[in-house]
Amino acid sequence: MADRSVPQAEEDEPRFDVVKPARPQLLVALAGRGAEDAALVRAAHRYAQREGVSWRAVHVDNGRAGARQRLELDQILALVARLGGEVRILQGAGRARELHEYATEQVVATLMVGRTRPSGWRFWRRPLAERLLRYSGAYDLVVVAEARQRRRFRPVSRRHPLGWREGTVVAGSFLVAVAVAWALEFWLELANLSLIFLAAVLASATLAGTRAAMICAALGFLAFNFLFTRPRFSLAMVEREQLLTVIFFLLVAVVVGQLAGNGRQRLMALRSSREQTHRLLSLSRALSVATDREQVRDIGVTTLERWLGVPVVFLDESETGSGLSVRSSVPANVGLGSAEAAAAAWCWQHRKPCGAGTAAQTSLRWRFVPLVEQERMLGIVGLELAVRDGPPDPDQETLITTLTRQLAMALERTRLVAELGASRLSEENERLRSALLSSVSHDLRTPLASIIGSASSLRELEPQLSRSDRHELLDGILAESERLNRYIQNLLDMTRLGHGSLKIERDWVSLDDLITGALKRLGSALESVRIEREETDGLPLLYVHPALIEQALVNVLDNAVRFSPPGGQVGIQARLDAAGEQLQIRVTDEGPGIPPEQREAVFDMFFTGGEGDRGRHGSGLGLAICRGMLGAHGGSVEAEPGPAGRGTAIVLRLPLERPERGHVHDD
């Protein structure tokens, strides 16, 4: 290993900051074989943890993988994701070349492969590690020994009987070719007749696959030799040209049949992959719009039942904590027996699948799949696979695995979203509580300090005070008490609005009475401004809660007074809108005005224009309470520029009711 230490610089040499490059990346080459790839992935995970590097698993897809191999590959890719690695799928025929080019492109430092040997009839192929060494890549090549020893030159063969469809296609293509060749024998030469049988091989490969093409090629070879070469009805041939024609026909038929069969296999795999991708995309879209756990659960159960055609149940812990219970099922009347319930409990406890088609309790009619994400049990999906004619094929097994994995991730997402929402709500409540305490500490302390100061002066200095001084102190105590009462009333109203306990007991009242009551409550607070009040004669009565609307007017007027300069004017105007369905009350002042970007924010709680509790304009509850009270009546409030662009106009809008509706209290 090369020494990477840097010698210490001389004292007279300038020193530079050394920027450390990013940590190298580990690349793992998957072979598409379950047990070997699983051992390789675990070894890569241990290596990455030990070296502290990120790692990525790469598989080169040549398009010849069967359904069983795709299922094993999906399981390995899921293992990679669980262990924290990334996944890449490359397309290409040359595995070594694709891996080398990708490793060079990504500038990885280490490429890890398995120590496997070719088996069966491909014994002459060199191992992957040796082929990679030929490229002399700028990366370290790490070879991991096999997890278990395999027998060389003894591949496991799986024999599948010839299906009726393959037999029908082979027989039909062969008989049609014989009939056409027999009819055209007198017009075509012998070499041209072979093209007819070659067309039959192509048809068999396209319609039924490689095996059907090979059978059709063998039958065509025998029929061509037996029926059309001399001597007739014999496999013997006396002419050299005929022998070459038959041999070349067989070679071309085998090669063309293989190519056409492989093309059909790739096309079928592409169609299956496209269909599965479309299904998963539809499921992902449905799950992405689901907002809670119940919706995700129902979507997953319905999708599994529709695509697999078997009854599906979803089990979770009961609310009482007494065990598992069926939370959702399709069809709705599906029930589980005692054996199935015990199997589901075992699945929950051990976090492993059990039932039909698994390694545990295979005699059951049901299969139970645990939904585990981030080491957390999220539920169990039950599938009654016994209602099918046979066990699920590899594509359906892949579909089950993928769907349950998507369902588990969606359930975990909803759980995290719920926890995040609860955390945000708690944080918002804490923020509002802090703001409320800060506001109360300022707004209540100021009038209380004035009341205490005036009262102590009356008690200690009463003999020295004149009658007018005592009246002035008493007026100050009264004014500050009324101010304190308004603050407390605002806090109580906001609490009632927030908890939804504010009752709207309506009654008929005139606007003039409401304005008069509001001005009377403000009392001495209006001495520093001039009130310009327009006449309200001719306006209809309001069917509202009088106390609430009066409190809303008090808050708006108090806000206008506090922002107006000494001697400023506060105007009150009222008129009907153009449609005659709403009454508009406009309160204007000559204050500094509200910037356009803050005209909506002033109705939020605790908004004070950036001054917080240090400003002299209160805690920012008045207008928020005003909007809540008007909203409870179906009205609205908004801030607009004042007359001639000076100051602010607060516009209150209340809907009008017809008098014939009567004096009905609306609780």
Side-chain angles (χ1 to χ4, degrees), residues 32-33 61-70 93-95 118-125 153-185 188-229 232-237 241-273 393-395:
R33 290 185 286 270
D61 185 11
N62 56 12
R64 293 194 294 267
R68 179 66 61 181
Q69 292 177 327
R70 292 198 302 271
R95 185 181 174 206
S119 60
W121 58 274
R122 296 179 297 174
F123 60 90
W124 65 84
R125 294 192 62 183
F153 310 125
R154 294 181 182 271
V156 178
S157 60
R158 296 182 177 88
R159 297 182 179 180
H160 301 281
L162 188 67
W164 65 269
R165 188 176 186 277
E166 290 179 295
T168 303
V169 170
V170 170
S173 302
F174 172 70
L175 293 177
V176 169
V178 170
V180 173
W182 190 277
L184 299 178
E185 180 184 7
L188 297 177
E189 297 181 357
L190 184 64
N192 295 332
L193 291 178
S194 64
L195 299 179
I196 299 175
F197 289 95
L198 186 60
V201 174
L202 282 174
S204 300
T206 304
L207 298 177
T210 304
R211 182 169 57 175
M214 295 301 98
I215 296 175
C216 188
L219 293 177
F221 170 76
L222 295 176
F224 190 64
N225 189 11
F226 188 78
L227 296 176
F228 299 101
T229 60
R232 294 291 186 91
F233 308 109
S234 173
L235 296 179
M237 287 179 288
E241 292 78 3
Q242 294 180 351
L243 178 60
L244 292 176
T245 300
V246 172
I247 291 176
F248 276 111
F249 160 75
L250 181 60
L251 292 176
V252 173
V254 169
V255 173
V256 171
Q258 286 280 353
L259 294 177
N262 291 338
R264 179 182 183 276
Q265 183 180 3
R266 294 185 181 184
L267 178 61
M268 298 299 293
L270 180 60
R271 289 179 178 176
S272 177
S273 177
D393 56 33
D395 289 335

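Quantities reported herein were computed from a predicted structural model and do not represent experimental measurements. Along the sequence shown, residues carry numbers from 1.
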Quiz item: Shortest non-hydrogen contact from E166 to R211?
Solution: OE1-NH2, 2.8 Å

Quiz item: Who pairs with A253 by side chain to side chain contact (heavy atoms under 4.5 Å, CB included), at least two apart in sequence or on another chain?
Solution: L198, V201, A217, F249

Quiz item: Atom CG of L195 and atom CG of L188: how far apart are they, to the nearest 0.5 Å?
Solution: 9.0 Å

Quiz item: Got a sec, which residues hit side chain to side chain contact (heavy atoms under 4.5 Å, CB included) with F228, two or more places apart in sequence or on another chain?
Solution: A181, W182, E185, L190, L193, F197, F224

Self-check item: Distance in Å, T245 OG1 paired with E189 CD, rounded so as to fall on 0.5 Å steps
Solution: 9.5 Å

Quiz item: Under 4.5 Å between any side-chain heavy atoms of N262 and Q265, yes or no?
Solution: yes

Self-check item: Check: T210 main-chain N/O paired with R264 side-chain donor or acceptor under 3.5 Å
Solution: no

Exercise. Could you pull out all residues at least two apart from A260 that satisfy side chain to side chain contact (heavy atoms under 4.5 Å, CB included)?
Key: L202, A205

Exercise. Applying side chain to side chain contact (heavy atoms under 4.5 Å, CB included), name anything that partners I247, two or more places apart in sequence or on another chain.
Key: L243, L251

Quiz item: What distance do S173 atom OG and I215 atom CD1 have between them, rounded to the nearest 0.5 Å?
Solution: 11.5 Å

Quiz item: So, R165 side chain and L207 main chain: donor-acceptor pair closer than 3.5 Å or not?
Solution: yes

Quiz item: Can you name the ring-ring contact (aromatic ring centres under 6.0 Å, His included) partners of F226, sequence neighbours left out?
Solution: F233

Quiz item: Of all residues at least two apart in sequence or in a different chain, which pass the side chain to side chain donor-acceptor pair (under 3.5 Å) check with N225?
Solution: T229

